[in-house]
Every structure is written in structure tokens, then in C-alpha cells.
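What follows is a short report on a single structure.
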Amino acid sequence: MASRILKHKKFVVFTFILLAVISIFAQFTVSVNYNLTEYLPEDSPSTIAMEVMEEEFEDSIQNARVMIHDVSIQEALVFKEKLNEIDGVTNVDWLDDAIDIKMPIEMAEESTVETYYQDDTALISFTIEEEREVEVTDKIYALIGEENAMDGEAVDTAVSQKMTGSETMFAAAILIPIIILILVLSTTSWMEPVFFLTAIGISVLINLGSNIFLGEVSFITQSVAPLLQLAVSLDYAIFLLHSFQDYRKKTENPEEAMRLAMKRSFPAITASASTTFFGFIALSFMNFEIGADLGINLVKGIALSYITVIVFLPAFTVMFYKWIDKTRHKALLPSKWHIGKFVIKLRIPMLILVLLIIVPAFMAQSQTNFIFGMGELPENTRAGNDALQIEETFGEYTPVIILAPRGDLSREEQLTQELRSLENVTSTISYTDTVSTAIPPEYLEDAVTDQFFSENYSRIIINTNAGSDGEEAFQLVETIQNKTEHYYGDEAYVLGESATLYDTKVTVERDNILVNVMTVVSIAIVLLISFRSISMPVVLLLTIQASVWVNLSIPYFTGTALVFIGYLIISTVQLAATVDYGILLTEDYVQNRKKMSALEAIKKSINEKVFSIAVSASILTIVGFVLSFTSTNPIVSDIGLLLGRGALMAFILVICFLPALLLTFDKFIRKTTW
């Protein structure tokens, strides 16, 4: 295989470059999905409810609202009409839809009025059509000016659409020079880092272009997958080129040196890629399909990186190896760091420390205060600041909608009376509230009844102030579901942002167990085959899993909320991406252990491998922290922070805790290894 690749090296290089160029153009045809609710399972209650509502009613759930200062009721009505005239805005709702404003508002229920109007400030709700969020929000901002505010799901989506592409490019612009600097410090040629990045860069471009066969990707995948693929698979290129440089010292023929390097590095690259590959596959089995979207892209990316390093990089290197030779320089940093002696002295304290914190960390990481939606945008953005202003003036506001079988107005009235008495319900809007049970709908014009009735269903809108996310909001959703079920059984539907996030919570909590078990089992099988040992997978997985638990427990101890999607993804990604550090150290230790005592073997391995592991860990750490720093999207920012912190912790535990385990259980490991 190596001989064939090198024989046709020009064809191989040309083919990969051509695929990369085609992929650059192909990626622009891939749409990006910013709506997380579309990734819920098709059989989830809120998904079914949404489909029923779209079939029965022309207008959809309101996903935006504007707050207008210093207006009278009549001026607010004029403003409402201007909003209604904007192409892409539908279902505009204000005070006149909840009460008869021809009568003095002092006679209306105070809580209902204050939901829409207080202190000469109006709050108008409406719907922005899907896939037109950016265009429509720009028009609304032009209408309301700087002094007024707008928030809602559609606004968050518009911000994400505007920022995702530019922020990814900004992150790449920061990362690539830093990665080049790290690689320059760790190599002996100015051109070697260019070879690494060319190979992995081509695989990233082909991966992005191959998404054309998927049709669309989520904004999380678009933001995270390319940089994560780069950081995780860069090691494969480093393994191969380092082996090539070693064999260049033993043979004058570059092609022969590359053939030997391919043969030598193939098992290490395959083992490293396999653990990451099978770890990422677990994400693809999530019921919440955002995991499958990211998982498929990462699995595809790892496979393409592996193929590129095994096929393209050898051919490319043999063609242009003279560039490496002409740009050689002295080693800027030593490749061996004599810290093994110091690390070994710390083995007992390190064992005790990790064993003391591992159980509390495991318990704490599942007790963190989780966010199941997008999270709040930063206050230094207009959307984040606007949302804060609206909440300070009108409080939390989340509409919940009930679709009940049409026909029994008295039963509908009983339900709405019970709902209005709930603590976090500010008002309800239904036919029985706005008109009366005494007037049959058939006697009224369609313009009046269409907002309340479809052919088969009656619609009740519940205005709540419990928010859309969190324990209080989810308890209210459960209560509304229970009361609705009491009156209508399973014939009625409950939907809205809080109901959708409640379903998200139920789905991802189930996914959490499945994904974590699949990740651990799949990586354990790869380790079992690689090391031919029963105990070695346990030792390695305990080391990396401990770093995962400690990483994910920090939000609990600091009292900060964590986006659950980030928690779920990182619990898999960190394990799959950083277990390579442990494999690299352990493989070297196993070879050294055949020739010397356990103590001497581990010292030698630490001294010789700490630099290589540090290079890999530093790249992944920096990728994570830069993602966190550059992204205004709370989900992407959380994933970045967890990834950066997790890679750093995995490095520390592999260098300090893993050697302690290998020494302590040396006899047991030898007895359980074939």
C-alpha cells in the first residue's frame, strides 16, 4: 500500500487538492439550522403538538416581542399596525386582543393589563417567519430605534445566524498562528508545521464540503466541528512526520524512509484514531438529534483526517521534503523533560488526592444547575441587553398554548379558571375569556373566532412568568399538562417554548446514560484489543474519566448554570479526544517495562513523552478557550470552556495520576495482560 501511494504521489496529491477546492465551494450550499427544537425526536409530545397546530391554525407560536417606551394606548395600537405591515411578521398580539379597550382599562383585571402595558410602556408580541429572522429583525430594529428593545427566540436565532460564521473565522484567525507557534517550538524545521496543517486542513475542508450530502448541519456543528477535528487529529500528522524524520537518519532514500515511517506509525495512528472514532460514534445514537448531527460530522472528520494522513501526507512529504531540509533550525525546546523523578515522588499524595475528590466530583457533576435551551446572550450584545431591559420592566414572560378538542365551552371555561389560579400564570386568552360562553361562535364573524378555533381544536393561550427554562418553568408545564389531561385525557396538546424545553430535558437526560455507557464501552474494547489487557483499559479510563468528572463538577461548586447540551457533548468528546494522551504514555511504558523495573520504566516514559503529550494537550486546550472567548452563543461558549479546561485536566492527570496507578497496580496489570 505504501509503495503504491508513493509511486503515484503526484496523482494522490492532485486528487486531494482538487477535492479540497471542490469542497470549498460545496460547503456554501450546506444550510445551517439554528432551531434546536427541530432536533427533538419526532414522537416527542411538543413536536407532535407543533405539527397539529401548524395543520389546524394559520398563525404559529409567537417568537419575538418589542418594548416601546413613552406611548399611549392609541399610539401603541398604531405601532402594532406598523409591525403588522412588515413582510415576515405575523400573529401580532397586544392588550386589545386580551381585553375590550373601548372600556376604561382601570376596569380590567390589573394583572392582565400589566402583562402588556404599564407606566406608558407597551409590550407587543408577534411571530417572525422561520428562515427570515435576520432580514425581519433588521427591519424591526430600524422601526423601533435604539431607545426601544426587542427579544425572543427569533431574535436569538438572528444573532446566532449573524455571528456564527464571523466568530468561527475570528476563532480560526486567532488559533492558527498560536498552533503554528506551538508546532514551531516543538519541531526542528520552519516548514514542518505547514505540512501538518496542510494535511489536516485539507481533511477539514473535505469534511465541510461532504456535508452537502447531509443537506444541512446545526450551528453547533458548524462552530465546533472544524476546530475540534483540527485539534484532535493533528497528532496523526505529527506521529507520521516524526517517524519519517527518524528514518531519514538511517537511510538516504526519502521514499524508503517514508515507507518505513508509514509501517511504524500506522498502528499508533490507527489506535489513536480508533478510540476517538468510536468515542464520537456514541454521540450519533442520541435521541436528541443535535448529538447525531455533531457525532456524524466528527466521526466523518476523524475518518477523513486518518485517510489524509495515511495517503496524502506521505505523498506530499516525499514530493516536497526538500522544503523541510532547507528550513531546518536548532531545537527551540528540549524534547526530553527530566521531570519523571519529581512526578514519582508525588505519586502517593496524587493517588490520595484523586481518590478523595473523585466520588464528590462524580456526584456533583450530575447535580449542576442545567440550562436546556440556548442560554442567555451576553449583556454586551444588543440582544442580551434588550432582553434584560424587558425582563426588568415586565418580568419573565413565556406563553404556553393548549389545543383542546373543540365544542365544549363550559369545560374550556372551567379549565381556564383553574389555570388562572396557578401561581405563575398572569393571564389566559381564550374564547371564553375574550367573548363569553353565552355567545355561540357560529354567531360571530370568522375574523373574531379564527384566532381561537380551528376546525377541530380550541386554542387557549396561557401567559406565564416562570420563564422558559429551569425547575420552576418545568413544574408549571407539568401542572398545566396534568390539568389539561384531567379535562381532556390524551386528546389535548400542550406546546410552547417551555414545553419544548421540558421535552428536551426529558430526552437528553435519557441520552446522558446511553451516550456515556456507549463511549466508555467502545473505547474500552479498543483499548482491550490494543493492549491485550483486561486491567489496562480500566486504568486508562479511570484516569480520563476522573478528569471529565472533575471538569463537569466545577459549575456545581461555583454555582454557575451549565448548558446541558454542552455537558452531554463534552462528557463524550473529552473522553474520546484526550484518552490518546494516556495511550501514548502507557504504550511507551509497556515497552520500557520489558527491559527495566516499573519505577525506571515510568520515569523514562514520563521524561520522553511529556513533551509530545504537552504539545497535543496545549493545542486542544487553546482551541477550547479560544472558542469560549470568541463565541457569543452560550452553548458554543460553554462547550469551548469545558473542552479547554477538560484537556488541561486530562493532561495533568495523565502525567501525575496515571503513573501512580501504573506503579501501584504493576503486578496486577502484568498478571492480567496477555
Side-chain angles (χ1 to χ4, degrees), residues 45-46 49-50 52-53 56-57 59-62 91 93-101 103 105 107-117 123 125 394-444 447-468 472-500 502:
S46 58
M50 185 65 73
V52 171
M53 180 160 159
E56 295 284 334
F57 291 89
D59 52 3
S60 56
I61 297 176
Q62 292 157 336
N91 194 21
D93 176 47
W94 191 57
L95 182 62
D96 57 315
D97 297 295
I99 65 170
D100 183 0
I101 59 170
M103 299 176 65
I105 61 169
M107 296 177 63
E109 190 173 333
E110 186 178 358
S111 61
T112 300
V113 174
E114 289 184 350
T115 302
Y116 301 95
Y117 186 71
L123 187 66
S125 304
F394 285 93
E396 289 273 10
Y397 165 76
T398 308
V400 178
I401 295 175
I402 295 173
L403 300 181
R406 179 176 178 174
D408 192 339
L409 291 179
S410 61
R411 184 159 47 161
E412 181 180 317
E413 185 177 34
Q414 289 174 15
L415 175 59
T416 55
Q417 285 176 353
E418 282 197 31
L419 292 172
R420 279 200 301 273
S421 67
L422 296 177
E423 183 181 349
N424 293 112
V425 172
T426 56
S427 63
T428 58
I429 303 174
S430 67
Y431 182 84
T432 59
D433 292 316
T434 309
V435 187
S436 170
T437 55
I439 304 174
E442 294 78 15
Y443 291 180
L444 301 175
V448 177
T449 59
D450 280 355
Q451 62 178 313
F452 302 115
F453 298 112
S454 69
E455 184 180 346
N456 302 302
Y457 289 93
S458 176
R459 181 165 60 181
I460 304 167
I461 300 174
I462 309 158
N463 294 319
T464 76
N465 60 10
S468 60
E472 191 176 32
F474 297 150
Q475 283 179 359
L476 181 59
V477 169
E478 285 182 352
T479 303
I480 292 171
Q481 287 176 339
N482 291 336
K483 288 188 177 297
T484 304
E485 189 175 342
H486 173 72
Y487 280 95
Y488 294 101
D490 58 0
E491 294 180 342
Y493 299 95
V494 177
L495 64 155
E497 187 182 0
S498 54
T500 300
Y502 176 77

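Interatomic distance, Ile462 CD1 to Thr398 OG1, rounded to the nearest 0.5 Å: 12.0 Å. Rounding to the nearest 0.5 Å places CG of Leu409 at 11.5 Å from CD of Gln414. Interatomic distance, CE of Met53 versus CD1 of Ile402, reported as 12.5 Å (0.5 Å rounding). Annotation: the span from Glu423 atom CD to Thr464 atom OG1 amounts to 12.0 Å, rounded to 0.5 Å. Atom-to-atom distance recorded for Thr428:OG1 and Leu419:CG is 7.0 Å, nearest 0.5 angstrom. Expressed to the nearest 0.5 Å, how far OG1 of Thr416 lies from CD1 of Ile460 amounts to 6.0 Å.
Evaluation of the side-chain hydrogen bond (donor to acceptor under 3.5 Å, both in side chains) rule for Tyr457 yields no partner, not counting sequence neighbours. Here Pro45 pairs with Asp503 under the side chain to side chain contact (heavy atoms under 4.5 Å, CB included) rule; sequence neighbours left out. For Tyr487, there are no ring-ring contact (aromatic ring centres under 6.0 Å, His included) partners at least two apart in sequence or on another chain. Every residue two or more places apart in sequence or in another chain that forms a side chain to side chain contact (heavy atoms under 4.5 Å, CB included) with Ser458 is listed here: Glu412, Phe453. Not a single ring-ring contact (aromatic ring centres under 6.0 Å, His included) links Phe57 to another residue, sequence neighbours left out. Applying the side-chain hydrogen bond (donor to acceptor under 3.5 Å, both in side chains) test to Asp93 and every residue at least two apart in sequence or in another chain returns nothing. Applying the side chain to side chain contact (heavy atoms under 4.5 Å, CB included) criterion to Asn456, with sequence neighbours excluded, gives Glu56. Arg406 pairs by the side-chain hydrogen bond (donor to acceptor under 3.5 Å, both in side chains) definition with nothing, not counting sequence neighbours. A search for side-chain hydrogen bond (donor to acceptor under 3.5 Å, both in side chains) contacts involving Ser421 returns nothing, not counting sequence neighbours. Residues satisfying the side chain to side chain contact (heavy atoms under 4.5 Å, CB included) test with Thr115, not counting sequence neighbours, are Tyr397, Thr426, Ser427, Asn463.
Evaluated for a side-chain contact (heavy atoms from CB on, under 4.5 Å) with Thr484, the options Val494, Leu403, Thr479 yield exactly one hit, Val494.
The shortest non-hydrogen separation linking Ala473 to Ser468 is CB-C, 3.8 Å. Between Tyr488 and Pro405, the closest heavy-atom pair is CD2-CD, 3.4 Å.
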Would you check, one step at a time, whether the test side-chain contact (heavy atoms from CB on, under 4.5 Å) holds for Ile480 with Leu422? CA-CA 9 Å; Ile480 292 171; Leu422 296 177; 4.3 Å; yes
Worked verdict on Tyr493 versus Ile401 for side-chain contact (heavy atoms from CB on, under 4.5 Å): CA-CA 8 Å; Tyr493 299 95; Ile401 295 175; over 6 Å; no
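Residues in residues 476-491 take part in these salt bridge (charged side-chain N to carboxylate O under 4.0 Å, His left out) pairs, two or more places apart or across chains: Glu418-Lys483.
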